[in-house]
Amino acid sequence: MSRPTMQHRLAAEFIGTFWLVLGGCGSAVFAAKFIAGDGTSLGIGFLGVALAFGLTVLTGVYAFGTISGGHFNPAVTLGAALARRVEWAALPLYWIAQVLGGLVAGGVIYFVASGQDGWSATGNMAANGYGAHSPGGFSLVAVLVTEIVLTAVFLLVILGSTDDRAPKGFAGLSIGLTLTLIHLISIPISNTSVNPARSTAVAFFNGDGAPAQLWAFWVAPLVGAAIAGVAYPFLFGVAEQLADRPDRDDALEQAR
């Protein structure tokens, strides 16, 4: 079987990130606080939104992981590059595909939600934030620490689950459940990013301070991912093989 081209890989990252934002942020916008006509609350709440994000990653990894590695997140791509799981040349291209896929999903959410009478995008697009824009009113420092720590843990799980020494066929399940748990911890703190593409996807539609705070949801996840990407080989060994995926670079093995 021929190796997927870069075009194939970028298409997978675009669609996978689109699906993550549509499923995760879409569930937050449309279903988190849904009230029936008789006043009954049918919303899925924090638990439902957390599951939605986990399920999108789980299904996306199984659907597209063999094509692109199933990153759908600039932080994951950075961590994978630092851990020598993907070639550095792919990083800027992956980032562009991921951000564009997220923005298209954000546009779809905005378009559909605008079909509801009286709905306003301002403050209602599942944007991330700190201070007054944090769901629980958490400070910038608290949000940065949370995002760094949770992204680092997320990357360690991803790198461990896709290590050649890990049981085969379970990476998507492990990664999806980890993202679900991350959301259960941090939705009240930052509305959970751990993914700069997810944050960018809705910030500009949301307004209400989200664009001005977007920097934090690039810096913190990338720092957390960098910590995990550098730490993983030191913690668990440097002689492991690259994950058995089409985006592996044979030149990396030769350089060991």
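Atoms considered below: every heavy atom in the structure, side chains included; atoms not considered: hydrogens, waters and symmetry mates.
Looking at every heavy atom in both residues, Val202 comes nearest to Ala127 through CG2-CA, 3.8 Å. Residues Leu173 and Tyr62 share a closest heavy-atom pair of N-OH, 3.3 Å. Taking all atoms of both residues into account, the shortest heavy-atom contact from Leu155 to Ala228 is CB-CB, 3.4 Å. Of all heavy-atom pairs between Val29 and Trp119, the closest is CG1-CZ2, 4.3 Å. Of all heavy-atom pairs spanning Ala50 and Ile187, the tightest one is N-CD1, 4.3 Å. Shortest non-hydrogen contact noted between Val61 and Gly172 is CG1-CA, 3.7 Å.
One hydrophobic cluster, built from ILVMFWY side chains closer than 4.5 Å, cannot hold both Ile44 and Leu184; they sit in different ones. At a threshold of 4.5 Å between side-chain heavy atoms, the hydrophobic network of Ile, Leu, Val, Met, Phe, Trp and Tyr places Leu47 and Leu150 in two separate groups. Hydrophobic clustering (ILVMFWY, side-chain heavy atoms < 4.5 Å, transitive): Val49 and Leu177 are in distinct clusters. Both Val143 and Val219 are assigned to one and the same hydrophobic cluster, defined by single-linkage of ILVMFWY side chains at heavy-atom distances under 4.5 Å. Linking ILVMFWY side-chain heavy atoms closer than 4.5 Å, directly or via other members, places Val104 and Val112 in a single hydrophobic cluster.
With contacts defined as side-chain heavy-atom distances shorter than 4.5 Å, the pair Lys33/Leu42 does not qualify. Taking 4.5 Å as the limit, every side-chain heavy atom of Gln213 sits out of range of all side-chain heavy atoms of Asn128. Proximity of Tyr94 to Ser68: side-chain heavy atoms (C-beta onward) are separated by under 4.5 Å at one or more points. For the pair Ser190 and Tyr130, the minimum side-chain heavy-atom distance is 4.5 Å or more. Using a 4.5 Å cut-off on side-chain heavy atoms (C-beta onward), Phe18 and Glu13 make no contact. Annotation: side chain of Phe53 is in contact with side chain of Cys25 (closest heavy-atom distance under 4.5 Å). A heavy-atom distance below 4.5 Å is found between the side chains of Val57 and Leu20. A 4.5 Å side-chain heavy-atom check between Leu179 and Val194 finds at least one atom pair inside the cut-off.
For Ser134 (side chain) and Ile189 (main-chain N/O), a donor-acceptor pair under 3.5 Å exists by modelled atom type. A donor-acceptor pair under 3.5 Å is absent between the side-chain atoms of Ser174 and the main chain of Phe170, judged by distance alone. Between the side chain of Trp95 and the backbone N or O of Pro74, at least one donor-acceptor pair lies under 3.5 Å. Looking only at distances, no side-chain donor or acceptor of Ser161 sits under 3.5 Å from a matching main-chain atom of Ala171. A donor-acceptor pair under 3.5 Å is formed between the side chain of Ser27 and the backbone N or O of Gly24. Judged purely by atom type and a 3.5 angstrom limit, Asn206 uses its side chain to pair as donor or acceptor with the backbone of Asn124.
A salt bridge is defined here as a Lys NZ or Arg NE, NH1 or NH2 lying under 4.0 Å from an Asp or Glu carboxylate O, and Glu147 with Arg198 fails to meet this definition.
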Evaluate the side chain to side chain contact (heavy atoms under 4.5 Å, CB included) criterion for residues Ile175 and Leu58: first the C-alpha distance (whole Å), next the side-chain angles of each, then the deciding distance (0.1 Å), finally the verdict. CA-CA 7 Å; Ile175 294 166; Leu58 187 154; over 6 Å; no

Go through the steps for Leu78 and Trp88 under the test side chain to side chain contact (heavy atoms under 4.5 Å, CB included), then give the verdict. CA-CA 8 Å; Leu78 176 63; Trp88 280 102; 4.0 Å; yes

Could you give me the CA-CA distance, side-chain angles and deciding distance for Val223 and Ile227, then say whether side chain to side chain contact (heavy atoms under 4.5 Å, CB included) is met? CA-CA 6 Å; Val223 169; Ile227 292 171; 4.0 Å; yes

If you apply the rule side chain to side chain contact (heavy atoms under 4.5 Å, CB included), what do you find for Tyr232 with Arg84, and how did you get there? CA-CA 10 Å; Tyr232 186 88; Arg84 305 180 73 177; over 6 Å; no

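Taking CG from Leu159 and CZ from Arg85, the interatomic distance works out to 5.0 Å, rounded to the nearest 0.5 Å. The distance from atom CG of Leu156 to atom OG1 of Thr151, rounded to the nearest 0.5 Å, is 11.0 Å. Note that CZ of Phe217 and CG of Leu222 are 13.0 Å apart. Values are rounded to the nearest 0.5 Å. Note that the OG1 atom of Thr146 and the CD1 atom of Ile182 stand 11.5 Å from one another [nearest 0.5 Å]. Atoms CD1 and OG1, from Ile35 and Thr40 in turn, are 8.5 Å apart once rounded to the nearest 0.5 Å. A distance of 5.0 Å separates NE2 in His133 from CG in Asp208, rounded to the nearest 0.5 Å.
For Tyr110, the OH atom counts as loosely surrounded, since its 6.0 Å shell holds 12 or fewer non-hydrogen atoms of other residues, nucleotides or ligands. Open room surrounds CH2 on Trp19; 12 or fewer heavy atoms of other groups in view lie less than 6.0 Å from it. With a 6.0 Å radius and a threshold of 12 heavy atoms from other residues, nucleotides or ligands, Asp117 has its CG atom at or below the threshold.
For the pairing with His71, the side-chain hydrogen bond (donor to acceptor under 3.5 Å, both in side chains) check across Asn195, Thr77, Thr17 returns one residue only, Thr77.
At a cut-off of 3.5 Å, with distance as the only test, a side-chain donor of Ser186 or Thr192 sits close to an acceptor on the other residue. Donor-acceptor pairing under 3.5 Å is recorded for the side chains of Trp218 and Thr200. Residues Thr180 and His183 have side chains that never bring a donor and an acceptor to within less than 3.5 angstrom of each other.
The aromatic rings of Phe72 and Phe64 stand perpendicular to each other, their planes meeting at an angle above 60°, with 30° marking the opposite boundary.
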